[in-house]
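Read the structure below first, then the notes.
Scope of the values below: all heavy atoms of this structure, side chains included, with no hydrogens, waters or symmetry mates.
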Amino acid sequence: MVEASETHTGWTFLTSHARVLAAIAEDRRTRIRDIAVRCRLTERAVQKIISDLEEDGYLTHTREGRTNAYRIRPGTILRHPAEAGMTVDVLLSALAHQDAQQDARRDAPLALPRERDSDSAR
């Protein structure tokens, strides 16, 4: 699970709703507790956000044993007029692409400075 590395106060570019939706997209059977940790929200805030997303048709859930399995409706249009025509799957695809790039940079070996060849230095 990816977690933010530091606390943050003030505004951010992505809303909590987008962050919760991205967490669910990564694991459709994720627990509210795990979403809260990942998004740095309270469990109660995550429950409210999930309720909002379900109420507006972005998300549904079914009960599978003791857990919920979420289903994102990828063709749903984003709410803000500036994103007219942009769908949830476009947003989630962009976020997943960014996460993959961050993972690749984090996992790449560090480039060490080259040692000077003592023979060529003379």
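- The CZ atom of R38 sits 14.5 Å away from the CZ atom of R31 when rounded to the nearest 0.5 Å.
- Here the CG-OG distance, from L21 to S16, works out to 12.0 Å after rounding to the nearest 0.5 Å.
- E54 contributes a side-chain N or O that, together with a main-chain N or O of H61, makes up a donor-acceptor pair within less than 3.5 Å.
- Side-chain contact between T62 and R71: absent, with no pair of heavy atoms (C-beta onward) separated by less than 4.5 Å.
- Side chain of T76 to main chain of R73: a donor-acceptor pair is present (N/O by atom type, distance under 3.5 Å, no hydrogens or angles).
- Put simply, NE2 on H97 and OG on S93 are 8.5 Å apart, with the number rounded to the nearest 0.5 Å.
- Among L41, D52, T42, I32, the one residue that satisfies the side chain to side chain contact (heavy atoms under 4.5 Å, CB included) test with Q47 is I32.
- Considering V88, V90, D89 as possible partners of L92, the one that fulfils the side chain to side chain contact (heavy atoms under 4.5 Å, CB included) test is V88.
- To the nearest 0.5 Å, the span separating NE2 on H17 from CG on L78 amounts to 12.5 Å.
- Side chains of Y70 and L53 form no contact here, defined as non-hydrogen atoms less than 4.5 Å apart.
- Rounded to the nearest 0.5 Å, atoms NE2 (H80) and CE (M86) are 12.5 Å apart.
- Contact check for I49 versus I35: no side-chain heavy atoms found under the 4.5 Å cut-off.
- Side-chain contact of N68 with R29: a donor-acceptor pair under 3.5 Å is absent, judged by distance alone.
- In this structure, D27 and D34 have side chains that are not in contact, with every pair of non-hydrogen atoms separated by 4.5 Å or more.
- Few gaps surround CZ on R63; more than 12 heavy atoms of other groups in view lie less than 6.0 Å from it.
- For the pair L91 and A18, the tightest heavy-atom approach, listed with the atom from each and the gap, is CD2-CB, 4.4 Å.
- In terms of hydrophobic clustering, with Ile, Leu, Val, Met, Phe, Trp and Tyr side chains grouped at heavy-atom distances under 4.5 Å, I77 and L59 are assigned to different clusters.
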